[in-house]
**Student:** 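Submitted below is the structure of interest, expressed as structure tokens.
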There are 2 protein chains.
Amino acid sequence: MSRGASRATGRPTLVELARIAGVSPITASRAMRGVPSVDPELARRVHEAAAEIDYVANTAARTLASSYSDSVVVLIPSLSNLLFIDTLEAIHAVMHGRGLEVLIGNFHYAGEAEHSLLRNYLAYQPRGLILTGLSQMPATRRLIARSRIPAVHMMDLAPGTEQHCVGFSQADAGAAAARHLAERGRSRLAYVAAQLDPRTIERGEGFQRAAQADLGLAAPVVLTDEQPSSVALGGHFLARLVEEHPEVDGVFFNNDDLAQGALFEAQRRGIAIPSRMSMIGFNDLPLSAHMVPRLTSIRTPRARIGETAARHLLRLIDGESVSSCRLDLGFELMVRESS
Amino acid sequence: MSRGASRATGRPTLVELARIAGVSPITASRAMRGVPSVDPELARRVHEAAAEIDYVANTAARTLASSYSDSVVVLIPSLSNLLFIDTLEAIHAVMHGRGLEVLIGNFHYAGEAEHSLLRNYLAYQPRGLILTGLSQMPATRRLIARSRIPAVHMMDLAPGTEQHCVGFSQADAGAAAARHLAERGRSRLAYVAAQLDPRTIERGEGFQRAAQADLGLAAPVVLTDEQPSSVALGGHFLARLVEEHPEVDGVFFNNDDLAQGALFEAQRRGIAIPSRMSMIGFNDLPLSAHMVPRLTSIRTPRARIGETAARHLLRLIDGESVSSCRLDLGFELMVRESS
DNA sequence: CTGAAAGCGCTTACAG
DNA sequence: CTGAAAGCGCTTACAG
């Protein structure tokens, strides 16, 4: 269990490992990296010695010498939304299987923060980048292009872009919500949204376009707030809806937590859902299926988006020629009791 | 906007920065790090050049040369519990203010995973560690001790330990739940828990001890499941409670999502809450205050735990002599309609 | 206040 | 299959 003197870092070095294993440092290095040319017996001795002294190669030295790190960077706008947690977990599972560390950056829906996070993380020489959405600032776009590090964008799809993207059409999801409400016989629709990020806005536009142009309905009532989405805010929105727009009979909530809060507030006020008003949420958070009434929602394939984005990025990192750069994973309408 | 030739990494180096600024590399290095001895005029030129070529020091080289990284490691058991998200955000805010990157490791409630995460992250030479709970495996404890990197444990408090910990007494929180139910006139209590991590177990023990020894009640019914806590599971628990233990009139749910699911299931079955049964949850998740009926819960100071743990760690990193190594931040009983 | 030398702990070519 | 040399891009002492 004891070990020889170590560096300032207090951790054993490759030289010490090599001495204990009785090989040269370069052979120890190769054995640790699993280079196949190493004699199996020597490799065995190296691994044994490594286990004994608990050797793990210094990341900084390895990265500096090889100019390759074992990390990928994932930039997301929020950690408080389960949407991104599920995505992150899926990315992590794939990357971990390849021995890659995932560096998580939360830019709190602020383009400037996204830019400076990326600047800082680029100093780690990540092997790849996974970004949220397609609306990075021009300066951020330039930073990515100049870094020549492969990047995959998730959650949204660009029509005719060279960017690699994995997600679904936000506008189509909005349109599907409008169509569903119309099928339920609703004609006075409302769109309720907080946290007005680009994807929220696209969904809202898809919803309104479908309601008017495709379904021939009156222009939907639109209630928005720049605050982050929350259950509390959903309750306030329902109150406003009932008081200011009593004609509304079908509502699309931009995120399930808003719909959940609205459902609670409706129950409190004795407003019958869905008979008085149909409600549909977005993302299909785990709680939604259990509410009373159970919330109709649009399920987003967040884990699959993460997994697919990660796999796609690995192919880019490996230099494989990737056929498609635009992967549409769709979404699923979960019809339940609230609509 | 154009810049000179660069290294294999494609990024500008200190040497290039120095040449553009017309100073020696070492002066450029000092200027970038804000070393005060540098002539202001030279520093200005360096910063101007850095902005021009978008220079950010190579992390690997800096870490290797100085044996100091700009990172701290935070190990948490789950990302799917808002508890840890809030804590993480608070840690991040403090560390970011000090220019430190937060490396997040999720060990999914598995001690082995915690160990190997730590092993890997130690290779990054973090300045400090923040760990969840106090029950790391012995091997993990040794790894931490040998690394000589300052560590702070959060969420739980050890009675007579040398470890730095920031949190509250889980057993006391359990006892507070029992006391509250007894004050509500409840005498046939139940403890319902999933995800049996050490803190959950401590809370359960505190609850049972208080119920029997302090309050003189019958031994509580205990329903547990090793699965992760979820709303769906809460519903199942309520069904079991009603069918198998109809005498129970007061329930402590180990986490709010269980209580939320139970509340929905009770509503669905027409079981009146709280008249037929008092319910209290744990953590006080944002949705709980909005339910019908509003859920009584124990609010944990998760953001403050994160912030306090981070500040405490910074003091340890700075080598300040820290008086107390055990910071009790308490908890708060939020009495609402469900109890 | 500034700089030349040495070195952090690895890996990459290049020989053998 | 193995190794000696050089170097990755910085910072740390040490001089001046």
Side-chain angles (χ1 to χ4, degrees), chain A residues 3-46 50 53-71 120 122-125 127, chain B residues 3-46 50 53-71 120 122-125 127:
Chain A
R3 62 214 51 78
S6 299
R7 277 283 149 289
T9 68
R11 306 176 57 240
T13 67
L14 188 65
V15 169
E16 288 160 25
L17 174 68
R19 196 180 43 221
I20 293 172
V23 300
S24 72
I26 189 65
T27 296
S29 168
R30 286 200 265 248
M32 289 306 290
R33 281 177 290 141
V35 174
S37 68
V38 176
D39 179 285
E41 164 59 15
L42 294 188
R44 198 191 53 71
R45 268 156 55 193
V46 170
I53 63 173
D54 219 351
Y55 174 80
V56 181
N58 181 313
T59 306
R62 167 174 285 189
T63 300
L64 183 57
S66 68
S67 77
Y68 280 121
S69 77
D70 286 331
S71 64
N120 287 337
L122 250 22
Y124 283 77
Q125 294 175 223
R127 304 286 292 264
Chain B
R3 61 213 54 76
S6 299
R7 278 282 149 289
T9 67
R11 305 176 56 242
T13 68
L14 188 65
V15 169
E16 288 160 23
L17 174 68
R19 195 181 42 220
I20 293 172
V23 300
S24 72
I26 189 64
T27 296
S29 168
R30 284 200 266 250
M32 288 308 288
R33 280 177 292 141
V35 174
S37 69
V38 177
D39 180 285
E41 164 59 14
L42 294 188
R44 198 190 53 70
R45 266 157 53 193
V46 171
I53 64 172
D54 218 350
Y55 174 81
V56 180
N58 181 314
T59 307
R62 166 174 285 188
T63 300
L64 182 58
S66 68
S67 77
Y68 280 120
S69 77
D70 286 332
S71 63
N120 286 337
L122 249 23
Y124 283 77
Q125 296 176 220
R127 303 287 293 262

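Within every chain, numbering begins at 1; the chains are lettered A, B, ... in the order of the sequence lines, protein sequences first and strands thereafter. Only a predicted model underlies this, so the values are computations on that prediction, with no experimental measurement involved.
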**Student:** What's the closest nucleotide to the side chain of Leu42(A) if the choices are dT2(D), dC8(D), dT11(C)?
**Tutor:**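 For the Leu42(A) side chain, the nearest candidate turns out to be dT2(D).
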**Student:** Any base atoms under 4.0 Å from Val38(B), or only sugar-phosphate, or nothing? Heavy atoms, all strands.
**Tutor:**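 Since only primed, P, OP1 and OP2 atoms lie under 4.0 Å of Val38(B), the category is sugar-phosphate.
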**Student:** To the nearest Å, how far apart are Arg11(B) CZ and dC8(D) C1'?
**Tutor:**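 Taking CZ of Arg11(B) and C1' of dC8(D), I get 13 Å after rounding.
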**Student:** Any side-chain heavy-atom pair from Val56(A) and Leu122(B) closer than 4.5 angstrom?
**Tutor:**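 Val56(A) does not reach Leu122(B) side chain to side chain.
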**Student:** Sort by first number and list every stem of DNA chain C: at least 3 consecutive Watson-Crick or G-U wobble pairs, both distances under 3.5 Å.
**Tutor:**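 C:1-3 with D:14-16, C:5-12 with D:5-12, C:14-16 with D:1-3 - these are the stems of 3 or more pairs that involve DNA chain C.
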**Student:** Write down the atom of Ala57(B), the atom of Ala123(A), and the distance for their closest heavy-atom approach.
**Tutor:**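 Taking every non-hydrogen atom into account, O-CB, 3.4 Å.
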**Student:** Quickly work out the Arg33(B) CZ to dT12(D) C1' distance and round it to whole Å.
**Tutor:**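 Roughly 9 Å, once rounded to whole Å.
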**Student:** I need the OH-P distance between Tyr68(A) and dT12(C), as an integer number of Å.
**Tutor:**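 After rounding, the gap between these two atoms is 9 Å.
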**Student:** Of the nucleotides dG3(C), dC8(C), dT11(C), which has the atom closest to the Thr27(B) side chain?
**Tutor:**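 For Thr27(B), the side-chain atoms sit closest to dG3(C).
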**Student:** Where do Thr59(B) and Tyr124(A) come nearest, in terms of heavy atoms and distance?
**Tutor:**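 So the two residues come closest at OG1-N, 3.6 Å.
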**Student:** Rounding to a whole Å, what distance do you find between Ile26(A):CD1 and dA5(D):C1'?
**Tutor:**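 It works out to 11 Å between those atoms.
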**Student:** In terms of side-chain heavy atoms of Ala65(B), which of dT11(D), dT2(C), dT12(C) is nearest?
**Tutor:**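 The answer is dT11(D).
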**Student:** Given dC10(C), dC10(D), dT12(C), which nucleotide is nearest the side-chain atoms of Asn58(B)?
**Tutor:**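 So the nucleotide nearest the side chain must be dC10(D).
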**Student:** For Arg62(B), is there an ion pair with Asp70(B) - N to carboxylate O distance below 4.0 angstrom?
**Tutor:**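 Yes, charged N to carboxylate O under 4.0 Å.
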**Student:** Looking at every strand, decide which applies to Ser24(B) at a 4.0 Å heavy-atom threshold: base, sugar-phosphate, or nothing.
**Tutor:**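 It contacts sugar-phosphate atoms only.
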**Student:** Using atom OH of Tyr124(B) as one end and atom P of dC10(C) as the other, report the distance to the nearest whole Å.
**Tutor:**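 Atom OH in Tyr124(B) sits about 15 Å away from atom P in dC10(C).
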**Student:** Could you give me the CA-CA distance, side-chain angles and deciding distance for Thr13(A) and Asn58(A), then say whether side chain to side chain contact (heavy atoms under 4.5 Å, CB included) is met?
**Tutor:** CA-CA 8 Å; Thr13(A) 67; Asn58(A) 181 313; over 6 Å; no
**Student:** Consider the side chain of Asp39(B), meaning its heavy atoms from C-beta on, and name the nucleotide among dC1(C), dT2(D), dT11(C) that approaches it most closely.
**Tutor:**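 The answer is dC1(C).
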**Student:** Output the rounded distance in Å from CZ (Arg62(A)) to C1' (dG7(D)).
**Tutor:**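 Taking atom C1' of dG7(D) as the reference, CZ of Arg62(A) is at 17 Å.
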**Student:** Which value, rounded to the nearest 0.5 Å, describes the distance between Thr27(B) atom OG1 and Met32(B) atom CE?
**Tutor:**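 Going from OG1 on Thr27(B) over to CE on Met32(B), the span is 13.5 Å.
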**Student:** Starting at atom CZ of Arg30(B), determine the distance to atom C1' of dA4(C), rounded to an integer number of angstrom.
**Tutor:**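 It works out to 11 Å between those atoms.
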**Student:** Test salt bridge (charged side-chain N to carboxylate O under 4.0 Å, His left out) on Arg19(B) and Glu16(B) and set out the steps.
**Tutor:** CA-CA 5 Å; Arg19(B) 195 181 42 220; Glu16(B) 288 160 23; 5.3 Å; no
**Student:** The side chain of Leu14(B) lies closest to which of these nucleotides: dC8(C), dC10(D), dT2(C)?
**Tutor:**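 Among the listed nucleotides, the one closest to the side chain of Leu14(B) is dC10(D).
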**Student:** Between dT11(D), dT11(C), dT2(D), which nucleotide has the shortest distance from any of its atoms to the side chain of Ser66(B)?
**Tutor:**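 Comparing dT11(D), dT11(C), dT2(D) against the side chain of Ser66(B), the answer is dT11(D).
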**Student:** Checking contacts here: which listed nucleotide (dT11(D), dT12(C), dC1(D)) is nearest the side-chain heavy atoms of Ser37(A)?
**Tutor:**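 Looking only at side-chain atoms, Ser37(A) lies closest to dC1(D).
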